[in-house]
Amino acid sequence: MTSTEPGIAAALAAAEAHSAHNYHPLPVVVATAEGAWMTDVTGRRYLDMLAGYSALNFGHGHPRLLAAARAQLERVTLTSRAFHHDRFGDFCTRLAELCGMELVLPMNTGAEAVETAVKTARKWGYQVKGVPDGQAKIVVADGNFHGRTTTIVSFSTDPEARDGFGPYTPGFEIVPYGDLAAMEAAVDERTVAVLLEPIQGEAGVRVPPPGYLAGVRELTRRRNVLFVADEIQSGLGRTGRTFACEHEGVVPDVYVLGKALGGGVVPVSAVVSSREVLGVFAPGEHGSTFGGNPLACAVALEVIAMLRTGEYQERATELGEHLHSELGLLVGGGTVDAVRGRGLWAGVDVNPSRGTGRAVSEQLMARGVLVKDTHGATIRLAPPLMISKEDLDWGLERLRDVLEA
Ligand SMILES: *Cc1c(COP(=O)(O)O)cnc(C)c1O
């Protein structure tokens, strides 16, 4: 879709002139945003139904998060971990508390946190479990998305993410997502961890069959293997609980967190676990210049405080029920083949007769709603958790319009 407005055309051209083509953004150029709404360079408003892939769970520019960031900007923003700073201890303590864990290892992006979890699991395997050096294996699921580093794409099953980036890192085995028997068969003496998304976001909001996560928990405990839950997208309120694992009463050994932890203000990620597991690191063995910086800690502390009230989890539950009951009405009418998800999070499989996911996203954009397709035919809906019911209904009405046009 090309816009005829010269203002937008010039802004689009400027945005794309010198950027590598590693994304295919919708043709909108955002200038400002507040709450669930974004405004483009021409003043046109759009309802944000993607929320930065769940990095914006609290919406754009939440006053509490901006206040925390502003206050910290005036104090100190970066020390590096060569020195202590006065927000670090609080951040680790509060995040450990929120997770019911003991230790926190902060990083910046999600991929870095996953890399950290991989290193943690391997080191734990050698030091604690007694796996022979260099032999550790980590079991992952097909359809996974854990980030974009060379090691992480080594165990991706998405050709777009993986092809052309070898040689690949060994030490991973891929099993079908949701298949407990396959997982059981893959776990052996060398296995140090199972790394899973409790709900696969990028794959189209794939929810595993009931009992799967509990089964993985039982299996990993029985075989002395770490259960590493990548809750970067599913966690921090999105599904109606602080962690998606809670829906099956599961507590993993390791949480990997990111996205919403930074409140949509700064990148903040972390690995959170027990002393036995994260205690394997000694000084100098792992780190990050920006990981756990004062600004990141100040914003994340506010995020944690907001999550502790349970208000956002409750909203995600209530509005999520509404979202899924409305989307359910579309299934079977020839426009939508399936809807999956939990809480304020849904993958909508658009019937090919309605066009590709991309085409639907562009038509929604023309009606003032921003979403993003994934894997061809799926629209992912993940509005900010602070969205009003009226705005959500407004967005859903436009979705219906587009699908039933
Ligand atoms: C987004 C995401 C990542 C990667 O996070 P980045 O900050 O983009 O590196 C990892 N795992 C999951 C489940 C994600 O959704």
Side-chain angles (χ1 to χ4, degrees), residues 20 22-23 25 50-57 105-121 138 140-158 160-162 165 169 172 174 177-178 193-208 213 216 227-239 241-245 252 254-272 288 290-293 296 299-300 303 340-347 371-375 378 380-382:
N22 60 327
Y23 277 92
L50 177 67
Y53 304 97
S54 289
L56 288 154
N57 278 2
L105 202 171
M107 299 296 283
N108 311 282
T109 66
E112 282 176 300
V114 171
E115 287 276 354
T116 302
V118 167
K119 288 171 82 173
T120 303
I138 295 176
V140 299
D142 69 355
N144 72 72
F145 182 84
H146 297 289
R148 303 290 198 172
T149 67
T150 47
T151 285
I152 294 171
V153 302
S154 294
F155 56 85
S156 170
T157 54
D158 177 0
E160 257 178 9
R162 185 175 196 270
F165 299 117
T169 306
F172 300 92
I174 303 164
Y177 187 64
V194 164
L195 167 63
L196 286 178
E197 297 156 87
I199 293 176
Q200 290 189 327
E202 208 58 34
V205 196
R206 273 169 92 192
V207 182
L213 297 176
V216 171
F227 183 178
V228 181
D230 180 346
E231 293 253 19
I232 290 172
Q233 194 167 155
S234 59
L236 308 186
R238 176 53 58 190
T239 67
R241 300 281 206 287
T242 305
F243 303 106
C245 282
V254 179
Y255 285 114
V256 187
L257 303 176
K259 292 203 164 98
L261 188 57
V265 179
V266 279
V268 187
S269 67
V271 173
V272 189
S288 158
F290 286 90
N293 70 73
V299 174
V303 165
R340 294 169 302 275
R342 206 160 236 169
L344 213 41
W345 200 19
V371 298
K372 186 73 171 71
D373 55 297
T374 178
H375 295 281
T378 304
R380 171 174 24 189
L381 300 178

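Whatever order the structure lists them in is the order used to number ligands and atoms, beginning at 1. Values below: every heavy atom of this structure, side chains too, minus hydrogens, waters and symmetry copies. From a predicted model like this one, the values you see are computed outputs, not experimental measurements.
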Atoms in ligand 1 with a heavy atom of Glu197 nearer than 4.0 Å: 13 (C)

Closest approach of Tyr53 and Gln233, non-hydrogen atoms and distance? O-CG, 3.6 Å

Checking a contact table here: which protein heavy atom is nearest [atom], and how many Å away?
| atom | answer |
| --- | --- |
| atom 11 (N) of ligand 1 | Asp230 OD2, 2.7 Å |
| atom 2 (C) of ligand 1 | Lys259 NZ, 2.5 Å |
| atom 9 (O) of ligand 1 | Ala111 N, 2.8 Å |

Spell out, as yes or no, whether a donor-acceptor pair under 3.5 Å connects the side chain of Glu231 to the backbone of Ala244.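 Side chain of Glu231 to backbone of Ala244, a donor-acceptor pair under 3.5 Å: yes, one is there.
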
By side-chain contact (heavy atoms from CB on, under 4.5 Å), which residues pair with Val207, not counting sequence neighbours?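 Residues passing side-chain contact (heavy atoms from CB on, under 4.5 Å) with Val207: Ile199, Arg342.
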
Please state whether the rings of Tyr255 and Phe243 are parallel, tilted or perpendicular, taking 30° and 60° as the class boundaries.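 Answer is parallel, since the angle falls under 30°.
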
Can you name the residues that form a side-chain hydrogen bond (donor to acceptor under 3.5 Å, both in side chains) with Ser156, not counting sequence neighbours?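 Partners of Ser156 under the side-chain hydrogen bond (donor to acceptor under 3.5 Å, both in side chains) test: none.
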
May I ask which of Gly110, Ala203, Ser234 has a heavy atom nearer to atom 7 (O) of ligand 1 than the others do? Gly110

Applying a strict 4.0 Å limit to heavy atoms, is Phe145 in contact with ligand 1?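 Within the 4.0 Å threshold, so yes.
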
